[in-house]
Amino acid sequence: PVAVWVGPNNAQAASGAALVVAAGDVSGMAPGATLGPVHPADLSKPARGAKGQLQRRFEQRLLTEDNIASRSYFEHRIDASAALSDQSVAFVTPSLAEFLKSLDGREVTTPSGAVTLRMKSDEVLVRFHKPGPVRRALHVMSSAALVYLFILFGAALIAFELFQPGFGVAGVTGGLLIAAAVYGLLVLPVNWLAVALLFGGLGLMTLDVSLNGLGIPTAIGTAAFFAGSLWSFPVAALRPPLWLVILGAITALIFFVPIMTVVRRQARPIGKAATRALVGQNGEVRSMLNPEGFVWVSGALWRARSEDGSRMRVGEPVTVTGLTGEVLTVVRPAEPNGAG
């Protein structure tokens, strides 16, 4: 027999969790908990493992109890008193312990026949199980709104990194955000054509930045990004709110037009004369070199690497000794003669 309790008081059992309640042989709720709606759970695809067992149990009850699918929580969110009145749950108890006490002596009907539950405290061992931190994090990452933000900010960070010398923290962070977004897209019902439209719009805006243009590719890219944002998640209950989509499109436009245009125009190729002029210049560490980071030299921010691989703290003075590509090689300035 499977018994299900929905709690504590602020708990909500919706979608798949509401199906767990429907599949249970006996169920209860905390007074302040809510149940339903089942939508947008999808039973059209056969499931495997524990989810498949849940689905088969639910289907067996659906076939044997004509009124189960007509209960109010299948379409609406209801409170404990409503769930008790339409027999969606058998008990309303303030705690799991009280629910277990209520089960003692109750007869339930299972696929194998009638069973009388024995829940004496000296006969039952109660154990609790929670998802680990990794599973909880993956659960959070399956939110459509969060996936949308991951795509937006991940793509922005990668685009920013593309116009910088080398590949640093922004690019790595953007890659991790896109990876998290891909996980969310794989576990959520999505319209892949719309997802392609979303990424294509971001790509067009990045291309226009690389061409130093603010024309047709940016306009088409913005429209494609907005349309893809609206249609990527076909289930209405899972879609990001409209205000978030509008705000995301405005944010993308602001980032790729004024911000990235300025970044692109400042990232000019360095001539040999300018390279020679940088050698010997003094500067200051702006983000810790370990051994690579950023330094401020000749009125500009440069990616730099310590020559001997040592760590340099923010604010330390440095001297440029060379340049590889567009990454400066720096050392701590020599002590003045007679020092110390």
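For the atom pair CZ of Phe99 and CG of Leu96, the computed distance is 7.5 Å after rounding to the nearest 0.5 Å. Distance check, rounded to the nearest 0.5 Å: CG of Leu188 to CG of Leu146 gives 10.5 Å. Atom OG in Ser306 sits 7.5 Å away from atom CZ in Arg332 (nearest 0.5 Å). Of the inter-residue distances, the one linking Leu202 atom CG with Leu152 atom CG reads 7.0 Å to the nearest 0.5 angstrom. The line from CD1 of Ile220 to CG of Leu207 is 11.0 Å long, rounded to the nearest 0.5 Å. Atom CG of Leu197 sits about 14.0 Å away from atom CH2 of Trp192, to the nearest 0.5 Å.
At a threshold of 4.5 Å between non-hydrogen side-chain atoms, the residues Ile250 and Phe255 do not count as touching. Side-chain contact between Val21 and Leu35 is present, with heavy atoms from C-beta onward closer than 4.5 Å. A 4.5 Å side-chain heavy-atom check between Val26 and Leu103 finds at least one atom pair inside the cut-off. At a threshold of 4.5 Å between non-hydrogen side-chain atoms, the residues Val297 and Val320 count as touching. Between Val285 and Val318, the closest side-chain pair of non-hydrogen atoms falls below 4.5 Å. Within the 4.5 Å cutoff, no side-chain heavy atoms of Val108 are placed close to those of Thr116. Asn191 has its side chain out of reach of Phe233: every pair of non-hydrogen atoms, C-beta onward, lies at least 4.5 Å apart. Using a 4.5 Å heavy-atom threshold, the side chains of Leu100 and Met119 count as touching.
In terms of hydrophobic clustering, with Ile, Leu, Val, Met, Phe, Trp and Tyr side chains grouped at heavy-atom distances under 4.5 Å, Ile254 and Leu157 are assigned to a common cluster. Linking ILVMFWY residues whenever their side-chain heavy atoms come closer than 4.5 Å, directly or via other members, leaves Val331 and Val295 in distinct clusters. A single hydrophobic cluster is seen to contain both Leu247 and Leu149, as judged by linkage of ILVMFWY side chains at heavy-atom distances under 4.5 Å, directly or through other members. No single ILVMFWY cluster, assembled from side-chain heavy atoms under 4.5 Å apart, contains both Val314 and Trp296. Follow the hydrophobic side-chain contacts under 4.5 Å out from Leu244 and you reach Ile246 in the same cluster.
A pairwise comparison of heavy atoms in Asn9 and Pro31 identifies OD1-CD, 3.5 Å as the closest pair. Heavy atoms only, all atoms of each residue included: Ala80 and Ala30 are closest at CB-O, 3.5 Å. Across all non-hydrogen atoms, the minimal contact from Ala304 to Val330 is CB-CG1, 4.2 Å. Residues Ala83 and Asp86 come closest through the heavy atom pair O-OD1, 2.8 Å. Between Ala14 and Gly36, the shortest heavy-atom distance links the atoms CB-O, 3.7 Å. Across all their heavy atoms, Glu161 and Gly171 have their closest contact at OE1-N, 3.0 Å.
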Exercise. Stepwise, does the side chain to side chain donor-acceptor pair (under 3.5 Å) test hold for Thr93 with Trp5?
Worked result: CA-CA 9 Å; Thr93 58; Trp5 182 72; 3.2 Å; yes

Exercise. Where do Asn282 and Thr319 land on the side chain to side chain donor-acceptor pair (under 3.5 Å) test, with the steps shown first?
Worked result: CA-CA 4 Å; Asn282 293 324; Thr319 300; 2.8 Å; yes

For this session: Dump the intermediate steps for side chain to side chain donor-acceptor pair (under 3.5 Å) on Thr321 and Glu307, then the final yes or no.
Result: CA-CA 8 Å; Thr321 59; Glu307 188 174 70; 3.1 Å; yes

For this session: Take Val279 and Leu323 through the test side-chain contact (heavy atoms from CB on, under 4.5 Å) and record every step on the way to the result.
Result: CA-CA 8 Å; Val279 176; Leu323 186 143; 5.7 Å; no

Exercise. Would Leu198 and Tyr148 satisfy side-chain contact (heavy atoms from CB on, under 4.5 Å), going step by step from the backbone distance to the final call?
Worked result: CA-CA 10 Å; Leu198 189 155; Tyr148 177 68; 4.2 Å; yes

Problem set entry | Arg239 vs Ser232, side chain to side chain donor-acceptor pair (under 3.5 Å): CA-CA, chis, key distance, verdict | CA-CA 8 Å; Arg239 290 174 190 159; Ser232 289; over 6 Å; no

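Here the side chain of Glu316 pairs a donor or acceptor atom with the backbone of Arg313 at under 3.5 angstrom. Counting only distance, with no hydrogens or angles, the side chain of Ser27 and the backbone of Ser88 share a donor-acceptor pair below 3.5 Å. A donor-acceptor contact shorter than 3.5 Å links the side chain of Asp208 to the backbone of Thr218.
When only modelled atom types and interatomic distance are considered, Arg305 and Thr329 share no side-chain donor-acceptor pair under 3.5 Å.
Taking a 6.0 Å sphere around CZ of Arg136, one finds it holds more than 12 heavy atoms contributed by other residues, nucleotides or ligands.
Checked for salt-bridge contact, Glu284 and Arg286 meet the test: a charged N lies under 4.0 Å from a carboxylate O.
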